[in-house]
Amino acid sequence: MLDLGFVRGNLEVVEAKLRARGADPAALLGDFRALDQSRRQAITQSEQLKARRNELSQQVGALKKAGQDATAVMEETRALKEKLDELDKAAAEFDEKMRLALSRVPNLTRDEVPTGKSEADNPTIKTWGEKKSYDFAPKPHWELGAELGILDLDRATKLSGARFAVYMGQGAKLERALINFMLDLHTDKQGYTEVLPPFMVNSKSLYGTGQLPKFADDLFRCSDADAACAAKGEFKDNDHWLIPTAEVPVTNLYRDEILDEARLPICLTAYTPCFRAEAGAAGKDTRGIIRQHQFQKVEMVKFVKPEDSEAEHEKLTRNAEEILELLELPYRRVLLCTGDTGFSAAKTFDLEVWLPGQGLYREISSCSNFDAFQSRRANIRYRAAGPKSKPEFVHTLNGSGLAVGRTWVAIVENYQQADGSVIVPTALRPYLGGLERIEKQK
RNA sequence: GGAGAGGUGGCCGAGUGGUUUAAGGCAACGGUCUUGAAAACCGUCGUGCUCGUGAGGGUACCGUGAGUUCGAAUCUCACCCUCUCCGCCA
């Protein structure tokens, strides 16, 4: 959510930023100026009447206490009521319209974010690692996984339908090893605290991080979740949706709280499954396990002071890159252009890992700075030490560290051998009981 | 799921229709005192919206939403959450 006062005072800037994203300011903001004016007018009038009402009510009290007749004053107050109800209703309607309009406006990208339309316009910031050369034609992971007996997509379809996977034997163990390896690195070496949050959240939480109201179709909701309410901008605390990322429960941990400055930065990491409906992704990445309805991810989330968020963003991105470096997987870092930056983000780096089986770089981590966009929605503030300090919104950040399923893919494809076996990266061996090579399962 | 109790500011906690512009305490912050610190004492101390160039004013907020009333933290209804006990259960 953008700050109302900022939008009012910088409408041209906001509109330019929205256009840079490829969004239509008119469609998003409508007649913002007129609406804002009507709203404020209704509020001012209503409050003036309320002041009058309160004054008269006090007179009634005073008169009654003095044993005098208060009928006339009571009548006058009663007469105010009709007009007041009308004004209040109008004010509430304008307010609701503004709130709903603003809730669908994406964040403003930072000035250093390059203007562009799509991922084709994302500049590459750095490239790391040497692509291995193979004296055979490297296979995609779905072939390797099936041949090794560590990935069973056919039976997953029987259980759950398309876009689900069953990992078997050392395949399952590899997934689990990756989770532990990532969490240990984040907690033991990089200063994060581990969190194990619920995998279902209410609609208020999804509003807080920006998935609702706009992206309800991308989510799986439980039968007690009222999508119609969410679409109307009513967010409940007793409905349930499957989380699309750990970002949602972890960021919302401090919703409606005021944190002490001394506690910042707060750095958390969480392993969770993630559930995505993949609405509109029909026909995309249908082979293999790149795009699933359920996948596992280790996430990093930070709450920081506004002046620190730029530096913390770089640190967080480096924390994700370190995993790829330890696993010796070639990758590159790209900066998302305005047209490709997500709804809630002000600036995003994507890490893309090299997949030789498919001959392309593939997103494996997305590290974003949200500025105060999420904290304003979720009302997460901090209070600085010192006299007369008012609570201020924190900046939130998060990034995958990493998407586990895609890391699994990257290892299988990058470390494949001519005989179809897969060498286990050295850093991961302690997590697999010293196993050096994954070979065909019985 | 059943029965009972409860939900008040950063925290604890008073408050059952009219100076409540929410008592009191703790914490925090500023000051006095002190070589420094602690203690003691004095003072400051909620959030949003809105009006105002400003000082400042108005208004709303006591779990959420409706309602009764001239007036609601206080009364009524619905819902949510927490705690205790019972039931069911991994």
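Sequence lines set the chain letters: A, B, ... in the order given, protein chains first and strands last, and positions in each chain run from 1.
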Task: Name of the residue among Thr338(A), Leu336(A), Leu108(A), Asp340(A) meeting side-chain contact (heavy atoms from CB on, under 4.5 Å) with Val113(A) - done: Thr338(A)
Task: Pairing nucleotide - C61(B), Watson-Crick or G-U, each distance under 3.5 Å - done: G46(B)
Open item on the list: On RNA chain B, compare the nucleotides closest to Ile43(A) and Ala62(A); which residue's is nearer the 5' end?
Closed with: Ala62(A)
Polar pairs (N or O, both sides) under 3.5 Å between protein and nucleotides 61-66 of chain B?
none

TODO: Once you apply the 3.5 Å cut-off to both distances, tell me the Watson-Crick or G-U wobble partner of A5(B), or none.
DONE: U82(B)
TODO: Could you please name the partner base of G24(B), counting Watson-Crick and G-U wobble pairs only when both distances are under 3.5 Å?
DONE: C12(B)
- [ ] Provide the closest heavy-atom pair for Ala270(A) versus Leu183(A) in the form atom of the first, atom of the second, distance.
- [x] C-CD2, 4.4 Å
Open item on the list: So that I can tick it off, tell me whether Asp152(A) and Arg155(A) are bridged by a salt bridge, with the cut-off set at under 4.0 angstrom between side-chain N and carboxylate O.
Closed with: yes
Open item on the list: Using a strict threshold of under 4.0 Å (side-chain N to carboxylate O), is an ion pair present between Glu278(A) and Lys284(A)?
Closed with: no
Open item on the list: Using atom C1' in both nucleotides, what's the gap between C70(B) and G17(B) to the nearest angstrom?
Closed with: 12 Å
Task: Side-chain touch Tyr167(A)/Leu151(A), heavy atoms, less than 4.5 angstrom - done: yes
TODO: List the steps, then state whether side chain to side chain contact (heavy atoms under 4.5 Å, CB included) holds for Asn319(A) with Tyr192(A).
DONE: CA-CA 10 Å; Asn319(A) 292 152; Tyr192(A) 292 79; 2.7 Å; yes
Task: C1' atoms of U8(B) and C81(B), separation to the nearest Å - done: 15 Å
Task: P gap between C26(B) and U44(B), integer Å - done: 15 Å
Open item on the list: Looking at U50(B), I'd like to know if its phosphate oxygens (OP1 or OP2) sit under 4.0 Å from a side-chain N or O belonging to Arg8(A).
Closed with: yes
TODO: Please check if any side-chain donor atom of Ser344(A) sits under 3.5 Å from a side-chain acceptor atom of Asn107(A), or the reverse.
DONE: no
Task: Minimal non-hydrogen separation, Ala320(A) against Leu402(A), with atom names - done: O-CD2, 3.8 Å
Open item on the list: Work out how far the C1' atom of U32(B) is from that of A39(B), and round it to whole angstrom.
Closed with: 13 Å
Task: For atom CG of Asn238(A) and atom P of C80(B), their distance in whole Å - done: 6 Å
Task: Closest to side chain of Arg39(A), choosing from U47(B), U50(B), C81(B) - done: U50(B)
TODO: For residues Met168(A) and Ile150(A), determine if any side-chain heavy atom of one lies less than 4.5 Å from a side-chain heavy atom of the other.
DONE: no
Task: A22(B) versus U59(B) - spacing of their P atoms, nearest Å - done: 12 Å
TODO: May I ask you to verify if any side-chain N or O of Arg383(A) is less than 4.0 angstrom from the OP1 or OP2 atom of A28(B)?
DONE: no
Task: side-chain contact (heavy atoms from CB on, under 4.5 Å) partners for Asn54(A), two or more places apart - done: none
TODO: May I have the distance from Arg381(A) (atom CZ) to G46(B) (atom P), rounded to whole angstrom?
DONE: 13 Å
Task: Side-chain donor-acceptor pair present, Glu247(A), Thr209(A), cut-off under 3.5 Å - done: no
Task: Watson-Crick or G-U counterpart of A66(B), or none if no pair lies under 3.5 Å - done: U76(B)
- [ ] Can you tell me the distance, in whole Å, between the CD atom of Gln41(A) and the P atom of G52(B)?
- [x] 12 Å
Open item on the list: Does anything in residues 47-61 of chain A come within less than 4.0 Å of RNA chain B? Heavy atoms only, and list the residues if so.
Closed with: Glu47(A), Lys50(A), Ala51(A), Arg53(A), Asn54(A), Ser57(A), Val60(A), Gly61(A)
TODO: For G18(B) versus U74(B), give the span between their P atoms, rounded off to a whole number of Å.
DONE: 12 Å
Open item on the list: Distance check needed: U47(B) P versus Arg376(A) CZ, whole Å only.
Closed with: 17 Å
Task: Counterpart base for A55(B), defined by Watson-Crick or G-U wobble contacts under 3.5 Å - done: none
Open item on the list: Between P on G48(B) and CE on Met1(A), what's the gap in Å once rounded to a whole number?
Closed with: 14 Å
TODO: Compute both the distance and the angle, then confirm whether Arg377(A) meets the cation-pi test with Tyr207(A): under 6.0 Å from the six-membered ring centre, within 45 degrees of the axis.
DONE: yes
Task: Ring geometry between Phe343(A) and Phe373(A) (parallel below 30°, tilted from 30 to 60°, perpendicular above 60°) - done: perpendicular
Task: Strand-adjacent residues in residues 77-88 of chain A, judged by heavy atoms under 4.0 Å from RNA chain B - done: Thr77(A), Arg78(A), Lys81(A)
Task: Side chain to side chain, Leu253(A) and Pro197(A), heavy atoms closer than 4.5 Å - done: no
- [ ] Return the residues of residues 28-38 of chain A meeting this criterion: a heavy atom under 4.0 Å from some atom of RNA chain B. Order them by number, or give none.
- [x] none
TODO: Determine the Euclidean distance between corresponding P atoms of C51(B) and A55(B); express it in Å to zero decimal places.
DONE: 15 Å
Open item on the list: Once you apply a heavy-atom cut-off of 4.0 Å, does Lys64(A) come out as touching a base, just sugar-phosphate, or nothing?
Closed with: base
Open item on the list: If I take atom CG in residue Asp256(A) and atom C1' in nucleotide G9(B), what distance separates them, rounded to the nearest angstrom?
Closed with: 14 Å
Task: Length of the line joining Ile258(A):CD1 and C11(B):P, which is rounded to integer Å - done: 8 Å
Open item on the list: For a quick test of reading the model, state the closest non-hydrogen atom pair linking Gln190(A) to Glu322(A) and the distance between them.
Closed with: NE2-OE1, 2.8 Å
Task: Separation of C51(B) C1' from Arg40(A) CZ (nearest whole Å) - done: 10 Å
TODO: Taking atom P in both G46(B) and G9(B), compute the distance separating them and give it to the nearest angstrom.
DONE: 14 Å
Task: Partners meeting side chain to side chain donor-acceptor pair (under 3.5 Å) with Lys50(A) (sequence neighbours left out) - done: Asp88(A)
